[in-house]
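To start, the structure under review is shown below, and the notes come after it.
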Amino acid sequence: KAVPPVDLVRSLFDLTAAEAGVARKLAAGKSAEQIADHQGVSINTVRTHIRKIMEKTGCVKQPELVSLLASITLQR
């Protein structure tokens with residue numbers, strides 16, 4: 001799946017680098033468990049990032065976030 005660049009995601013939603021990385025991996029179809037394994041962090045760390053991303057983007061559910069990020073990619 002196409003995902004927006006890290007810098008764009010960070011600037012649009014004021015995300016940290018770690019949050020933007022997690023957001024991009026979610027948009028690419030990765031699960032929280034896969035992201036944690038790939039980044040070498042705990043699942044709780046990834047879930048914390050997801051919670052912060054949801055707050056900053058105003059999304060309520062994870063599929064909504066994935067759709068939002070996909071729409072950014074489509075509009076580029």
Side-chain angles (χ1 to χ4, degrees):
K1 294 181 180 182
V3 294
V6 167
D7 291 340
L8 180 59
V9 174
R10 287 189 70 186
S11 64
L12 286 173
F13 304 109
D14 194 31
L15 301 180
T16 66
E19 291 166 351
V22 169
R24 291 183 77 241
K25 285 181 176 51
L26 287 173
K30 302 292 183 197
S31 69
E33 290 82 5
Q34 290 170 319
I35 296 168
D37 286 345
H38 182 261
Q39 294 186 341
V41 297
S42 76
I43 187 68
N44 288 333
T45 299
V46 173
R47 287 185 180 137
T48 297
H49 288 319
I50 293 171
R51 214 171 19 256
K52 292 290 190 180
I53 295 163
M54 303 291 276
E55 289 172 14
K56 291 178 180 182
T57 59
C59 294
V60 177
K61 299 205 181 267
Q62 208 165 304
E64 183 183 0
L65 173 64
V66 172
S67 293
L68 173 65
L69 295 170
S71 72
I72 292 167
T73 302
L74 294 174
Q75 292 174 12
R76 287 186 46 205

All heavy atoms of Ala32 vs all of Ile50, minimum pair found to be CB-CD1, 4.1 Å
Using atom types as modelled, flag every donor-acceptor pair under 3.5 Å from a side chain in residues 15-28 to any protein atom, sequence neighbours excluded.
from: Thr16; atom 1: OG1; to: Glu19; atom 2: N; distance (Å): 3.0
from: Glu19; atom 1: OE1; to: Thr16; atom 2: N; distance (Å): 3.0
from: Glu19; atom 1: OE1; to: Lys56; atom 2: NZ; distance (Å): 2.8
from: Arg24; atom 1: NE; to: Pro4; atom 2: O; distance (Å): 2.5

By salt bridge (Lys or Arg N to Asp or Glu O under 4.0 Å), which residues pair with Arg51, not counting sequence neighbours?
none
Distance from Ser31 atom OG to Gln62 atom CD, nearest 0.5 Å?
9.0 Å
With heavy-atom distances below 4.5 Å as the criterion, would you say the side chains of Leu69 and Val3 are in contact?
no
With rounding to the nearest 0.5 angstrom, report the OG1 to CD1 distance, Thr48 to Ile43.
10.0 Å
Glu55 meets the salt bridge (Lys or Arg N to Asp or Glu O under 4.0 Å) criterion, sequence neighbours left out, with none
Side chain to side chain contact (heavy atoms under 4.5 Å, CB included) between Leu65 and Phe13, intermediate numbers included
CA-CA 12 Å; Leu65 173 64; Phe13 304 109; over 6 Å; no
